[in-house]
Amino acid sequence: MKVLVIGGGAREHALCRSLSLDPAVSALHCAPGNAGIAEVAELHPVDALDGAAVAALAQRLEADLVVVGPEAPLVAGVADAVRAVGIPAFGPSGEAAQLEGSKAFAKDVMAGAGVPTARSYVCTTREEVDRALDAFGAPYVVKDDGLAAGKGVVVTDDVEAARAHGYACERVVIEEFLDGPEVSLFAITDGTTVVPLQPAQDFKRALDGDEGPNTGGMGAYSPLPWADPKLVQEVLDTVLQPTVDEMKKRGTTFSGLLYAGLAITGRGVRVIEFNARFGDPETQVVLARLETPLAGLLLASATGTLADLEPLRWSEDAAVTVVVASHNYPGTPRTGDPITGLDAVAAQDAPHAYVLHAGTKRDGDNGPVLSAGGRVLSVTATGADLGQARERAYTAVARIGLDGSQHRTDIAAKAAAES
């Protein structure tokens with residue numbers, strides 16, 4: 001099977017790594033990719049938002065499957081363009097991807113499907129923002145309606161900060177604060193059958209102790225030893241399957257990856273948000289534990305044959321991912337700094353720990369790897385339990401040098417201590 005992955009972040013590196021280990025994959029391509037993905041896949045330059053260009057590349061490569069990784073190309077309809085030339089694509093249509101592209105749309109779908117979520121208001125004027133903030137009170141949860149690369153949400157006790165964010169958005173969703181631990185649950189679907197993956201927990205705040213601003217994610221772990229063993233089935237029955245069924249009923253079939261961000265509240269499970277693609281950094285830990293070959297699973301989603309697959313197989317090992325970010329992230333990050341220690345991790349920590357690149361580029365054909373974004377890379381490690389996986393991850397992180405970089409030191413610490 002020839003597979004083309006679209007994107008160039010840590011999520012796509014994790015996907016490419018898993019696909020490269022799949023014996024069914026005879027050729028692996030990625031566009032545009034990054035310095036790390038280049039080690040496992042052949043890279044091609046492409047504008048990931050240009051559906052015609054992506055489809056033409058897939059045709060030229062004679063791809064059997066195209067995996068569209070990031071949210072922006074999905075919302076732009078890139079998967080539609082690929083399917084239009086007769087090539088299976090993993091990822092929802094542009095219309096269906098509005099589950100992530102518009103939080104107001106997602107709320108409407110959840111209402112139609114009877115999915116439990118936070119009470120909310122959709123606001124388009126300053127007066128509506130003020131009324132919504134007054135109605136809910138602190139903590140204030142203010143979400144840009146559109147795509148914002150994981151940084152369009154403000155959760156604060158400061159009403160002026162909440163108001164400023166709401167005023168800055170063309171359309172904004174303001175909702176009640178949901179207490180309780182958060183869980184990420186991915187599911188693969190072909191529009192009818194829904195196959196849940198294993199749950200993970202990520203860390204959105206920039207600093208230890210869940211302090212600092214929201215980010216795209218600073219780390220994650222799986223499994224969740226504190227979670228109810230019935231959680232996955234409950235979410236499948238009350239959230240995932242009803243949402244997929246509702247989308248199909250509306251004539252907007254959703255196939256691909258459905259991500260549910262959940263809060264386990266005192267009133268039960270509530271949906272915080274939906275995403276239409278694998279999330280970063282949860283993808284890194286979930287795929288590290290998946291033993292079922294990935295290519296066949298994604299192809300079954302793309303071709304409507306998920307019901308024919310055997311149950312997924314999972315490793316008993318735990319996995320922990322720690323994100324290394326550049327100076328000043330999540331503000332305007334500093335880029336162009338050399339990254340050292342990558343070879344040391346490969347030589348001394350593999351196969352239990354490895355680096356997945358996100359914002360990186362190589363300086364010339366054989367030059368050093370440089371930082372090229374806010375979240376530069378992540379280190380993923382596995383172990384017999386969370387404690388061992390966590391120790392291996394931080395040992396590998398310590399080998400990496402990046403001037404001014406930052407990372408959280410408490411990823412999975414609480415769960416490891418309690419398990």
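Keep in mind it's a predicted model, so treat the numbers as computed, not measured.
Separation of atoms CG (L306) and CG (D308) is listed at 9.0 Å; rounding is to 0.5 Å. A distance of 8.5 Å separates CD in E12 from OG1 in T283, rounded to the nearest 0.5 Å. Taken to the nearest 0.5 Å, the NE2 atom of H357 stands 12.5 Å off from the SG atom of C16. Atom CD of E62 and atom CD1 of I87 lie 9.0 Å apart (nearest 0.5 Å). The CG atom of L290 sits 9.5 Å away from atom CD of Q198, with the distance rounded to the nearest 0.5 Å. Atom-to-atom distance recorded for L356:CG and I37:CD1 is 9.0 Å, nearest 0.5 angstrom.
The shortest side-chain heavy-atom distance between E39 and S20 does not fall under the 4.5 Å cut-off. L74 places none of its side-chain heavy atoms less than 4.5 Å from the side chain of E100. For the pair D144/V172, no side-chain contact is recorded, criterion being any heavy-atom separation below 4.5 Å from C-beta on. Residues R83 and S255 form a side-chain contact, since some pair of their non-hydrogen atoms from C-beta on lies under 4.5 Å apart. The shortest distance between side-chain heavy atoms of P23 and M1 does not fall below 4.5 Å. The shortest side-chain heavy-atom distance between D337 and S326 does not fall under the 4.5 Å cut-off. Residues L312 and I188 are not in side-chain contact: their nearest non-hydrogen atoms beyond the backbone lie 4.5 Å or more apart.
Within a 6.0 Å radius of CD in E310, no more than 12 heavy atoms belonging to other residues, nucleotides or ligands are found. Around atom CD of E291, more than 12 heavy atoms belonging to other residues, nucleotides or ligands sit under 6.0 Å away. Counting heavy-atom neighbours within 6.0 Å of Q388 CD, excluding the residue itself, gives a total above 12. Atom CD of E95 sits in a sparse spot, with 12 or fewer heavy atoms from other residues, nucleotides or ligands closer than 6.0 Å.
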Under the side chain to side chain contact (heavy atoms under 4.5 Å, CB included) criterion, do E128 and Y121 qualify, and how do the steps go? CA-CA 8 Å; E128 289 174 344; Y121 295 101; over 6 Å; no
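Judged purely by distance below 3.5 Å, without hydrogens or angles, the side chains of S102 and D145 pair a donor atom with an acceptor atom. Between the side chains of T335 and S371, no donor N or O sits under 3.5 Å from an acceptor N or O. Between T265 and R270, the side chains place no donor N or O within less than 3.5 Å of an acceptor N or O (distance only, hydrogens not considered). Between the side chains of Y259 and S184, at least one donor N or O lies within less than 3.5 Å of an accepting N or O.
Electrostatic pairing of K107 and E175 counts as a salt bridge here, judged by a charged N lying under 4.0 Å from a carboxylate O. Under 4.0 Å is where a charged nitrogen must lie from a carboxylate oxygen, and between D130 and R163 at least one such pair does.
With a 6.0 Å cutoff to the six-membered ring centre and a 45° limit on the axis angle, R408 does not count as a cation-pi contact of F203.
Without hydrogens or angle criteria, N275 side chain to R277 main chain gives no donor-acceptor distance under 3.5 Å. Looking only at distances, a side-chain donor or acceptor of T117 sits under 3.5 Å from a matching main-chain atom of V271. A donor-acceptor contact shorter than 3.5 Å is absent between the side chain of D157 and the backbone of A138. A donor-acceptor contact shorter than 3.5 Å links the side chain of D22 to the backbone of A295. A donor-acceptor distance shorter than 3.5 angstrom exists from the side chain of S301 to the backbone of T189, with no hydrogens or angles considered.
In this structure, F278 and F186 have perpendicular ring planes: the angle between them is above 60°, well past the 30° mark.
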